[in-house]
Amino acid sequence: MSALLPVLLVVDSANVVGSVPDGWWRDRRAATERLRDHLADRAARGEGELFTDAPEVVLVVEGKARGAGPVPGVRIEEAAGSGDDRIVELVAAREPGRRCVVVTADRELRARVTSCGAEVAGPSAVRP
């Protein structure tokens with residue numbers, strides 16, 4: 001049954017948004033919304049290696065980025081505390097055997113999710 005499940009693509013919003021010094025710090029929520037919209041567009045078009053198999057895209061937000069609502073193709077998970085902790089929870093709670101890719105450059109988070117069986121990709125895999 002797991003072969004029928006789409007890939008779970010979990011995106012560390014703070015890490016991806018923060019990977020490009022484009023003024024995101026002036027309005028974190030707006031920067032997150034731009035990323036969310038870009039992810040939705042790529043998922044809808046099946047553009048890029050991570051988006052070819054119609055993944056379930058989850059954008060994990062924290063802090064001042066909270067309040068960015070979901071759009072078709074992208075679910076928003078607001079972390080009550082640490083975004084990294086929420087990402088690990090999502091990876092650990094996925095269906096057994098389901099492929100999961102976490103997008104982040106955070107070394108500690110990469111180690112935590114790979115120990116739970118997830119794959120990792122860097123921000124450039126999803127960045128506009």
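Keep in mind that the numbers below use all heavy atoms, side chains included, and drop hydrogens, waters and symmetry copies.
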Just by modelled atom types, is the Ala80 backbone N or O under 3.5 Å from a matching donor or acceptor in the Arg86 side chain? no
Would a distance-only check, ignoring hydrogens and angles, find a side-chain to backbone donor-acceptor pair under 3.5 Å from Arg110 to Thr104? yes
Between Glu56 and Arg94, is there a side-chain N and carboxylate O pair less than 4.0 Å apart? no
Is any side-chain heavy atom of [Y] closer than 4.5 Å to one of [X]?
X	Y	value
Val60	Val11	no
Pro6	Arg98	yes
Val71	Ile76	no
His38	Val16	no
Asn15	Leu109	no
Leu90	Glu77	yes

Between Val113 and Val10, is the side chain to side chain contact (heavy atoms under 4.5 Å, CB included) condition met? List the steps. CA-CA 11 Å; Val113 298; Val10 181; over 6 Å; no
Count the heavy atoms of every other residue, nucleotide or ligand shown that sit under 6.0 Å from CZ of Arg45, and state whether that count exceeds 12. yes
Heavy-atom pair with the smallest gap, counting every atom of Val57 and Gly73: CB-O, 3.5 Å
